[in-house]
Amino acid sequence: QLQLVESGGGLVQPGGSLRLSCAASGFTLGHYGIGWFRQAPGKEREGVSCISRSGRTTAYANSVKGRFTISRDIVKNTIYLQMNSLQIEDAALYYCAASLMPLQDMCHMTKAEYIYWGQGTQVTVSS
């Protein structure tokens with residue numbers, strides 16, 4: 001059974017950092033591209049970052065570029081999202097998801113093409 005489990009969320013002050021984890025089971029990361037998405041109350045779910053099946057390609061939303069870094073540990077079958085310089089507007093429920101990207105170096109954040117989703121981890125940014 002394919003499963004994604006997020007962890008690492010919490011309460012942080014503006015300017016602080018968090019590292020989210022997405023533990024995958026039932027499949028290997030090399031077969032799926034992984035994306036991080038977030039959804040704040042009253043807003044659409046939006047793409048934050050993605051990493052290709054090969055791990056060689058990453059992409060970021062403009063709002064997080066230079067502050068967030070996506071990475072993966074093949075041995076642990078886990079994807080990470082390092083979030084630095086957090087801002088009030090980064091507060092949201094963060095999800096990881098898996099997509100059968102046709103090319104191994106392909107990465108996108110089209111949420112309709114992600115087929116497996118985790119339950120999310122809450123990130124709160126407040127002073």
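FYI, side chains are in, hydrogens and waters are out, and symmetry mates aren't considered; it's all heavy atoms of this structure. Nothing fancy with the numbering, it's 1 onward along the sequence.
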Could you measure the distance from the OG atom of Ser52 to the CD1 atom of Ile34? Nearest 0.5 Å is fine.
10.5 Å
Would you call Leu81 and Ser49 a side-chain contact if the rule is heavy atoms closer than 4.5 Å?
yes
Least distance between heavy atoms, Ser17 atom then Ser85 atom
OG-N, 4.3 Å
Tell me whether Asn77 contacts the main-chain N or O of Phe27 through its side chain, where contact means a donor paired with an acceptor under 3.5 Å.
yes
Leu4 vs Trp117, test: side-chain contact (heavy atoms from CB on, under 4.5 Å). Steps then yes/no.
CA-CA 6 Å; Leu4 296 166; Trp117 291 81; 5.8 Å; no
Rounded to the nearest 0.5 Å, how far does CG of Leu18 lie from OH of Tyr94?
9.0 Å
Applying side-chain contact (heavy atoms from CB on, under 4.5 Å) to Thr124 and Val12, what does each step give before you reach the verdict?
CA-CA 6 Å; Thr124 304; Val12 64; over 6 Å; no
Does one hydrophobic cluster hold both Met83 and Tyr60, with members joined at side-chain heavy-atom distances below 4.5 Å?
yes
Does Tyr114 share a hydrophobic cluster with Leu29, counting links as ILVMFWY side-chain heavy atoms below 4.5 Å and allowing steps through other members?
no
Heavy-atom count check: over 12 atoms from other residues, nucleotides or ligands less than 6.0 Å from Glu46 CD?
yes
Quick one, Ile79 with Ile51, criterion side-chain contact (heavy atoms from CB on, under 4.5 Å). Give me CA distance, side-chain angles, the key distance, then yes/no.
CA-CA 9 Å; Ile79 299 282; Ile51 187 165; 3.8 Å; yes
Using atom types as modelled and distance alone, determine if a side-chain donor or acceptor of Glu6 lies under 3.5 Å from a backbone N or O of Cys96.
yes
Can you name the nearest heavy-atom pair linking Ser127 to Pro14, along with the distance?
N-CD, 3.8 Å
Would you give the length of the straight line joining atom CG of Leu93 to atom OG1 of Thr121, rounded to the nearest 0.5 angstrom?
7.5 Å
Under 3.5 Å, is there a donor-acceptor pair between the side chain of Ser54 and the main chain of Arg56?
yes
Given Glu113 and Met101, is the side-chain contact (heavy atoms from CB on, under 4.5 Å) satisfied, shown in steps?
CA-CA 9 Å; Glu113 296 190 15; Met101 300 193 186; over 6 Å; no
Under the side-chain hydrogen bond (donor to acceptor under 3.5 Å, both in side chains) criterion, do Asp73 and Thr78 qualify, and how do the steps go?
CA-CA 5 Å; Asp73 185 325; Thr78 299; over 6 Å; no
What are the two closest non-hydrogen atoms of Val64 and Arg38, and how far apart are they?
CG1-NH1, 3.9 Å
Donor-acceptor check, side chain of Ser99 to backbone of Gly33, threshold 3.5 angstrom: yes or no?
no
Scanning both residues in full, the closest heavy-atom pair of Gly47 with Ala61 reads O-CB, 3.5 Å
Kindly compute the distance separating CG (Leu20) from CD (Gln122), expressed to the nearest 0.5 Å.
10.5 Å
If you round to the nearest 0.5 Å, how far is OG of Ser25 from CD of Gln3?
4.5 Å
Does any non-hydrogen side-chain atom of Thr58 lie less than 4.5 Å from one of Cys107?
no
Output for pair (Trp36 CH2, Tyr95 OH), nearest 0.5 Å, gives 12.0 Å
Greater than 12 external heavy atoms within 6.0 Å of Lys65's NZ:
yes
Report the relative orientation of the aromatic rings in Tyr116 and Tyr32; use parallel for angles under 30°, tilted for 30 to 60°, perpendicular for over 60°.
perpendicular
Of the non-hydrogen atoms in Val123 and Asp90, which two are nearest, and what is the gap between them?
CG1-O, 4.4 Å
Is there a donor-acceptor contact under 3.5 Å from the side chain of Lys111 to the main chain of Phe37?
no
Between Ile74 and Tyr80, is there a shared hydrophobic cluster once you connect ILVMFWY residues whose side-chain heavy atoms come closer than 4.5 Å?
no
Taking atom CD of Glu44 as the centre, does the number of heavy atoms from other residues, nucleotides or ligands within less than 6.0 Å exceed 12?
no
Does Asp105 pair with Arg53 as a salt bridge, N-O distance under 4.0 Å?
no
With the 4.5 Å side-chain cut-off for hydrophobic clustering, are Val125 and Leu11 part of the same group?
no
